[in-house]
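Report on the following structure.
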Amino acid sequence: MSENAPGPYGNASGQRDAGSERGNGTVLVVAAALLDRGRLLAARRSAPADLAGRWELPGGKVEPGERPEDALVRELREELGVEAEPGERLPGAWPLKPGYVLWVWTARLLSGEPRPLEDHDALRWLARAELDSVDWLDQDRPAVAEAALRLPGALPGTPRG
Ligand SMILES: Nc1nc2c([nH]c(=O)n2[C@H]2C[C@H](O)[C@@H](COP(=O)(O)OP(=O)(O)OP(=O)(O)O)O2)c(=O)[nH]1
């Protein structure tokens, strides 16, 4: 996989975190579809005000020179207090606010129990049928739908077999 910033969003404008830019003006945000015992971890943001109270996949911005997978491991350690191992990258690159793009990996817990140490004030493990029970950030919904495909159990209304 390319280590470079995703291309299609390179001309996006708006306020950005210059320290996290990856050379084409796009800030790469990495997040985890942390999967454990058939459930996905959802995290409720505590800041900034416009995102607080909404649910997301835990993660954060890739720092200059940092490999995205390393950033993911670092963010999960800082935010949740766990050691985790990235698995597959979900197909897709999802635009967030202007100038930010989201890449998501599945991840599995190696040690620790997630706690909302930073950026979040609540965590929930959700089975596939429970994914709609939290108010996801709008921009996260496509990534969550992709992650849902990695959870066991049919979606309501999906024919079996
Ligand atoms: N981590 C994460 N951020 C998301 C998601 N969806 C979404 O719009 N964002 C936005 C929120 C922030 O504007 C930006 C990521 O910032 P962050 O605050 O999580 O990153 P960070 O831990 O590196 O931040 P910082 O406090 O070090 O600046 O992307 C998501 O699912 N996960």
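Both counts, for ligands and for their atoms, begin at 1 and track the order of listing.
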Review point. Are L51 and L96 grouped together when hydrophobic residues (ILVMFWY) are joined by side-chain heavy atoms under 4.5 angstrom apart?
Key: no
Review point. Charged N to carboxylate O under 4.0 angstrom, D135 versus R44?
Key: no
Exercise for review: Apply salt bridge (charged side-chain N to carboxylate O under 4.0 Å, His left out) to E66 and R74, showing your working.
Suggested key: CA-CA 10 Å; E66 190 177 35; R74 174 182 55 73; 2.7 Å; yes
Point to revise | Enumerated ligand 1 atoms positioned under 4.0 Å from heavy atoms of E75 | key: 21 (P), 22 (O), 23 (O)
Revision key, fill the gap. Logged contact type for Q139 with ligand 1, heavy-atom cut-off 4.0 Å, is side chain
Review point. Is there a path from V134 to L137 through hydrophobic residues (I, L, V, M, F, W, Y) whose side chains come within less than 4.5 Å of each other?
Key: no
Exercise for review: Taking only heavy atoms of L51 into account, list the atoms of ligand 1 that are under 4.0 Å away from them.
Suggested key: 11 (C)
Exercise for review: Would you mind running through ligand 1 and noting each atom that sits below 4.0 Å from a heavy atom of D119?
Suggested key: 22 (O)
Practice item. Report the member of A31, G59, P58, A32 with the shortest heavy-atom distance to atom 1 (N) of ligand 1. Key: G59
Point to revise | Salt-bridge contact E88-R150 (side-chain N to carboxylate O under 4.0 Å) | key: yes
Point to revise | Same apolar cluster (I L V M F W Y, side chains within < 4.5 Å links), W105/W125 | key: yes
Exercise for review: For K97 and ligand 1, answer yes if some heavy atom of the residue is under 4.0 Å from a ligand atom, otherwise no.
Suggested key: yes
Check your understanding: Can you find a non-hydrogen atom of E78 under 4.0 Å from ligand 1?
Key -> no
Check your understanding: Out of curiosity, L131 CG to R39 CZ, how far, rounded to the nearest 0.5 Å?
Key -> 12.0 Å
**Study point:** Under 4.0 Å to a heavy atom of E79 - the qualifying atoms of ligand 1, by number
**Key:** 22 (O)
Practice item. Closest by any non-hydrogen atom to atom 10 (C) of ligand 1: pick that one out of V27, L96, V62. Key: L96
